[in-house]
2 protein chains.
Amino acid sequence: MIRGLKPGDVIGVLGGGQLGRMLALAAAPLGLKTHIYAPEADSPAFDVCAARTVAAYDDTAALTRFAEAVDAVTYEFENIPAETAAFLETKAILRPGARALATAQDRLNEKTLARELGIATPAFAAVDDLAGLRAALAGIGAPSVLKTRRFGYDGKGQARIMDASEAESAWEAIGRAPAILEGFVPFTREISVIAARGADGAFVPFPICDNEHRNHILSVTRAPALIAPALVAEAVSAARRIAEKLDYVGVLAVELFVAPHGQGEQVLFNEIAPRVHNSGHWTIEGAVASQFEQHVRAVAGWPLGSAAMTGREAVMHNLIGDEAGRWRALLAEGGAHLHLYGKAEARPGRKMGHVTRVIR
Amino acid sequence: MIRGLKPGDVIGVLGGGQLGRMLALAAAPLGLKTHIYAPEADSPAFDVCAARTVAAYDDTAALTRFAEAVDAVTYEFENIPAETAAFLETKAILRPGARALATAQDRLNEKTLARELGIATPAFAAVDDLAGLRAALAGIGAPSVLKTRRFGYDGKGQARIMDASEAESAWEAIGRAPAILEGFVPFTREISVIAARGADGAFVPFPICDNEHRNHILSVTRAPALIAPALVAEAVSAARRIAEKLDYVGVLAVELFVAPHGQGEQVLFNEIAPRVHNSGHWTIEGAVASQFEQHVRAVAGWPLGSAAMTGREAVMHNLIGDEAGRWRALLAEGGAHLHLYGKAEARPGRKMGHVTRVIR
């Protein structure tokens with residue numbers, strides 16, 4: 001028997017950023033209340049939820065009260081302390097579960113999982129110290145990228161190595177933290193699979209997303225990605241195998257590279273995000289059920305909705321920093337769907353909103 | 001110079017029901033906060049807003065604090081006391097304005113306005129006492145309908161008169177309140193025009209809604225209504241003339257009858273709702289910008305969005321009372337968009353939610 005919520009129940013969300021905000025906006029039409037837990041008093045998600053907790057992620061007393069006040073717990077970002085996740089799992093339904101979280105928040109763990117599942121990955125090796133880095137470089141060669149195993153996002157915690165002589169500076173640059181060295185991939189595209197897996201095991205992927213980054217931050221997503229059907233099948237199969245192996249419940253993002261391979265192309269696993277994902281924002285208007293609705297349905301133990309597109313193509317542009325200043329022009333563009341996240345200060349590199357256009 | 005809001009500003013909404021809730025859900029993506037003012041502590045809209053006031057509509061101190069805390073005020077129902085509207089208009093931007101509200105909340109005023117604008121209406125006459133009712137019946141005949149001028153909705157405050165001998169019982173039935181007698185219209189359809197008018201005077205109607213009522217409560221809306229283009233033009237023109245005459249800012253619903261007329265058909269004005277309307281709920285998924293987004297844009301003094309449909313047809317079914325118990329089956333129907341309003345108790349006749357299907 002799958003534990004399921006009923007209308008009127010409360011979903012607790014760890015994290016109060018734009019993802020938590022859009023989760024809350026998707027939960028309400030389904031008759032579910034949202035309780036947001038975040039350390040920052042001005043969290044964007046606080047504007048659209050039924051209940052709020054302002055507390056640190058390691059505040060056991062606050063976490064206990066939170067878990068007791070909600071019917072299920074989820075999160076909008078993967079850097080939840082493992083102890084917090086484990087603690088919450090003893091108190092409430094946690095979806096996705098602590099094991100999925102532990103895998104996805106560690107680059108070495110997730111790449112090892114992919115390799116075990118027979119999913120192609122870039123060359124990689126664990127790096128625990130400078131000697132280990134030199135050994136890894138001897139095997140993988142340069143160019144390559146040194147990345148911290150944990151807490152990296154939007155290009156943070158990464159150092160490019162063009163030559164073995166740069167080993168020491170790269171090791172310093174990432175703060176001498178446990179790391180992974182990855183062979184550089186001469187990719188032609190970056191794609192992502194956003195998919196939901198229900199508590200009943202149903203697996204529902206959205207059409208593949210084609211992602212353009214600028215300064216390591218997602219800039220544009222187009223769906224569906226214009227790639228060969230065989231690559232679509234490979235990418236979806238990779239996401240499905242990962243989700244099933246982790247007994248995953250919720251929305252999962254799997255980022256992949258498309259890279260030359262012999263006469264053709266192949267997809268290479270890059271990383272997992274165990275949550276709704278920026279490259280899935282187009283689904284709010286571009287798919288019948290958005291990634292946020294799918295995640296809420298999964299967390300509630302409910303059947304998943306339809307991931308079919310509502311038009312031929314959807315294009316999402318992030319509004320980074322000052323770009324949100326274009327809001328007046330975007331409002332005046334009839335078919336543009338503007339989303340602003342309610343953040344007071346437009347710092348450089350900060351995701352302030354996005355705009356989606358659906359071509360019908 | 002039109003007074004306009006900016007992202008981060010606060011829209012105050014009088015009324016905390018499902019319409020206020022869906023307004024708040026539409027305001028957030030545009031970067032606007034919502035402050036809900038309602039007398040009932042368990043108001044559905046309280047679950048999705050940034051700020052709440054629980055107070056009566058004639059609590060001047062609470063209204064003053066509310067008006068000072070927000071950047072514009074709107075409302076989700078027309079039975080706001082005129083004094084409250086007038087008071088708020090001295091403190092804040094009120095959209096739609098007090099004059100539009102005063103017209104729309106009185107059946108005699110709105111029908112008189114329609115007649116003055118050359119819009120066809122059923123025969124009608126003011127009724128202030130029993131003698132007046134008898135005189136009106138002598139002119140209009142039976143069957144006819146006696147309706148209170150104010151505070152009627154979903155068939156409340158109405159009495160059908162099949163014969164002049166029923167005058168006294170009808171007058172008692174509506175509580176001897178100031179009333180209007182309307183000739184019975186042998187209509188073939190009930191339709192509504194949901195349209196937005198911006199602070200800049202732009203007028204943007206949605207495709208016409210075809211409405212089916214059951215027990216005087218809206219049951220099903222289909223869009224676009226399958227009526228002759230000439231009737232569409234007549235209906236839209238009526239809505240536009242009313243909106244312009246009232247210098248209306250926001251979303252307006254105009255309900256009309258389609259009735260036989262000579263060899264063909266005509267549209268007859270029934271009533272105005274100076275707000276977002278149940279027959280416009282299909283626009284959430286069925287139109288590029290929903291009625292809620294259009295209203296928020298208008299109240300904010302921003303350009304209106306596109307009212308184009310996202311599919312060929314949209315059908316909205318209300319979930320009244322026990323019908324909301326079908327939520328599990330509706331969740332399992334891939335293309336169905338379920339909306340539950342977060343009301344705890346499913347009383348008979350209570351609007352608990354709705355479901356929209358878009359045919360693409």
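Every chain is numbered from 1 and lettered A, B, ... according to where its sequence line falls, protein lines coming before strand lines. Every heavy atom of this structure was used, including side-chain atoms; hydrogens, water molecules and symmetry mates were not. Please read these numbers as outputs of a predicted model, since none were measured by experiment.
Only the backbone of A/Ala336 has a heavy atom closer than 4.5 Å to any heavy atom of chain B. With a 4.5 Å cut-off on non-hydrogen atoms, A/Lys343 does not touch chain B at all.
Atom NE2 in A/His337 sits 7.5 Å away from atom CD in B/Glu293 (nearest 0.5 Å). To the nearest 0.5 Å, atom CZ of residue A/Arg297 and atom CG of residue B/Leu338 are 7.5 Å apart.
Your options are A/Gly311, A/Pro7, A/Ala308, A/Ala307, and the one with the most heavy-atom pairs under 4.5 Å with chain B is A/Pro7. Interface remark: of the candidates B/Ala344, B/Cys49, B/Gly305, B/Cys49 forms the most heavy-atom pairs closer than 4.5 Å to chain A. For the set B/Arg21, B/Glu285, B/Lys6, the entry with the most heavy-atom pairs within less than 4.5 Å of chain A is B/Arg21.
With sequence neighbours left out, the side-chain hydrogen bond (donor to acceptor under 3.5 Å, both in side chains) criterion links A/Glu313 to no other residue. For the side-chain hydrogen bond (donor to acceptor under 3.5 Å, both in side chains) test, no residue two or more places apart in sequence or in another chain qualifies with B/Glu68.
Residues of residues 315-331 of chain B that come within less than 4.5 angstrom of chain A, heavy atom to heavy atom, are B/Trp327, B/Leu331 in numerical order.
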What pairs of donor and acceptor atoms, side-chain ones from residues 22-30 of chain A against any protein atom, are under 3.5 angstrom apart with sequence neighbours left out?
none

